[in-house]
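Everything quoted here is computed from the prediction, not taken from an experiment. Residue numbering restarts at 1 for every chain, and letters A, B, ... go by the order of the sequence lines.
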Amino acid sequence: MAMRKGACRFGYWWVHVEWSEDTIHRVKFSRKGEDSYIPPAVRQFVKGKRSKISGLKSIALSDGHPYREIYNAVAEIPYGETRTYSEIGAETGFHARTVGVAMRRNPTPLIVPCHRIVAKNGIGGFTPEIDIKKALLEMEKKTSNTHFTKKNKNIPEVL
DNA sequence: TCTGTTATTGCGC
DNA sequence: GCGCAATAACAGA
């Protein structure tokens, strides 16, 4: 199976996607990039025109991945909502700290919406830049209040 | 094995 | 508020 690569702009950043067939292998953010083809579902999500990335699988959710349980729980968080590290921990039986480690190593942000995981008393962290997480949450907040009509709760004031 | 690395939490002051 | 200890699990040596 041939691996494909592409990129899409998101605010000040670029979203780089690597995939093959219907499986996303890696998603990463960087300051540089060139616009090129990526799966339409991902592109629309990044542009705030779609509330979930359907029809695509992530290797993070596949059998054998050490953090599969955690990523599955995260993938079920609805658009525009957030959970804390300890909530995900309680659901999956992992320690909050471990959830943090799993999020940091998340190979496919967006597909596994790790930006929706916040600390109990703050925003938590994000790699490589915390501002990306803030921007993603802001975008979801706005779009979910407009055309996705969803109530927004739990987003910390620190944004 | 053992050590270092975490995107956490909660308690005491 | 801040500092600190408890804590789970992986990666690399």
Side-chain angles (χ1 to χ4, degrees), chain A residues 3 5 7-20 23-33 38 41-43 45-48 50-53 56-145 148 150-159:
Chain A
M3 189 75 79
K5 291 184 186 182
C8 173
R9 194 178 185 78
F10 173 69
Y12 299 118
W13 304 277
W14 289 87
V15 183
H16 297 263
V17 184
E18 290 179 34
W19 78 102
S20 63
T23 303
I24 307 290
H25 287 246
R26 186 159 298 277
V27 174
K28 59 185 176 185
F29 295 91
S30 79
R31 282 287 185 184
K32 294 181 181 177
I38 62 173
V42 179
R43 179 176 296 275
F45 181 89
V46 168
K47 301 291 180 194
R50 175 188 268 257
S51 62
K52 73 174 174 185
I53 300 171
L56 290 169
K57 290 179 280 192
S58 163
I59 53 161
L61 304 176
S62 63
D63 277 354
H65 198 288
Y67 296 123
R68 190 179 77 262
E69 297 293 325
I70 295 178
Y71 294 143
N72 266 308
V74 173
E76 283 169 14
I77 303 171
Y79 190 92
E81 290 189 26
T82 63
R83 296 286 184 280
T84 63
Y85 294 98
S86 48
E87 279 175 326
I88 298 300
E91 267 181 53
T92 56
F94 287 87
H95 191 271
R97 198 76 190 270
T98 309
V99 176
V101 172
M103 292 306 99
R104 185 177 182 322
R105 302 198 210 279
N106 179 12
T108 58
L110 300 185
I111 320 299
V112 175
C114 58
H115 57 279
R116 292 181 197 145
I117 312 298
V118 298
K120 199 175 186 183
N121 296 307
I123 189 171
F126 198 82
T127 305
E129 283 186 56
I130 189 62
D131 285 345
I132 298 172
K133 184 176 188 173
K134 292 182 189 171
L136 284 168
L137 289 173
E138 269 301 305
M139 180 187 80
E140 295 197 354
K141 194 168 144 186
K142 281 180 191 156
T143 54
S144 65
N145 283 342
F148 299 134
K150 265 214 157 164
K151 278 180 204 154
N152 208 40
K153 41 186 178 184
N154 295 334
I155 295 203
E157 299 297 327
V158 293
L159 288 177

Could you tell me how far apart [X] ([atom1]) and [N] ([atom2]) are, to the nearest whole angstrom?
| X | N | atom1 | atom2 | result |
| --- | --- | --- | --- | --- |
| A:Ile88 | B:dT9 | CD1 | P | 11 Å |
| A:Ile132 | B:dA7 | CD1 | P | 14 Å |
| A:Ile123 | B:dT9 | CD1 | C1' | 18 Å |
| A:Met103 | B:dA7 | CE | P | 12 Å |
| A:Ile130 | B:dT8 | CD1 | C1' | 14 Å |
| A:Asn106 | B:dA7 | CG | C1' | 11 Å |
| A:Leu137 | B:dA7 | CG | C1' | 13 Å |

- request: Please name all residues satisfying side-chain hydrogen bond (donor to acceptor under 3.5 Å, both in side chains) with A:Thr127, sequence neighbours left out, ordered by chain then number.
  value: none
query: For A:Lys5, what residues pass the side chain to side chain contact (heavy atoms under 4.5 Å, CB included) criterion, not counting sequence neighbours?
result: A:Glu18
query: Which residues pass the side chain to side chain contact (heavy atoms under 4.5 Å, CB included) test with A:Pro128, sequence neighbours left out?
result: A:Phe29, A:Ile132
task: Taking Watson-Crick and G-U wobble pairs with both distances under 3.5 Å, convert DNA chain C into its dot-bracket string, 5' to 3', dots for unpaired and | for cross-strand pairs.
output: ||||||.||||||
- prompt: When rounded to the nearest 0.5 angstrom, what is the spacing between CG in A:Asp131 and OH in A:Tyr12?
  reply: 9.5 Å
query: In Å, rounded to the nearest 0.5 Å, how long is the span from NZ of A:Lys52 to CD1 of A:Ile111?
result: 13.0 Å
Extract all donor-acceptor atom pairs below 3.5 Å that involve side chains of residues 93-107 of chain A and protein atoms in other chains or at least two apart in sequence.
residue  : atom : partner  : partner atom : Å
A:His95  : ND1  : A:Arg97  : N            : 3.0
A:Asn106 : OD1  : A:Thr108 : N            : 3.0
A:Asn106 : ND2  : A:Val112 : O            : 3.1

query: Which residue pairs pass the salt bridge (charged side-chain N to carboxylate O under 4.0 Å, His left out) test when at least one of the two sits in residues 70-79 of chain A, sequence neighbours left out?
result: none
- request: Write out all pairs satisfying salt bridge (charged side-chain N to carboxylate O under 4.0 Å, His left out) with one or both partners inside residues 107-119 of chain A, taking only residues at least two apart or from two chains.
  value: A:Arg116-A:Glu140
- request: Output the residues of residues 93-102 of chain A in contact with DNA chain B, where contact means a heavy atom of the residue under 4.0 Å from an atom of the strand; sort by number or write none.
  value: A:Ala96, A:Arg97, A:Gly100, A:Val101
- prompt: Of all of residues 58-74 of chain A, which get a heavy atom below 4.0 angstrom from DNA chain B, listed by number?
  reply: none
- prompt: Does A:Lys133 use its side chain to pair, donor to acceptor, with the backbone of A:Ile123 at less than 3.5 Å?
  reply: yes
A:Lys120 side chain to A:Glu87 backbone, donor-acceptor under 3.5 Å: no
- prompt: Which side chain to side chain donor-acceptor pair (under 3.5 Å) pairs, counting each pair once, include a residue from residues 63-72 of chain A, with sequence neighbours left out?
  reply: none
task: List in chain and number order the residues that pass salt bridge (Lys or Arg N to Asp or Glu O under 4.0 Å) with A:Lys47, two or more places apart in sequence or in another chain; answer none if no residue qualifies.
output: none
task: Could you check A:Leu56 against A:Trp19 for side-chain contact (heavy atoms from CB on, under 4.5 Å), going step by step and ending with a plain yes or no?
output: CA-CA 10 Å; A:Leu56 290 169; A:Trp19 78 102; 5.7 Å; no
task: Mind running side-chain contact (heavy atoms from CB on, under 4.5 Å) on A:Ser30 and A:His16 for me, showing each step along the way?
output: CA-CA 8 Å; A:Ser30 79; A:His16 297 263; 2.9 Å; yes
task: Select base, sugar-phosphate, or nothing to describe what A:Thr127 touches, counting heavy atoms under 4.0 Å on all strands.
output: base
message: Is A:Lys133 close enough to B:dA7 that one of its side-chain N or O atoms is under 4.0 Å from OP1 or OP2 there?
response: no
Under-4.0 Å side-chain N/O to phosphate OP1/OP2 contact, A:Ser86 with B:dT9: yes
statement: Outermost contacting nts on DNA chain C, any atom under 4.0 Å from chain A heavy atoms, listed 5' then 3', are C:dA6 to C:dC10
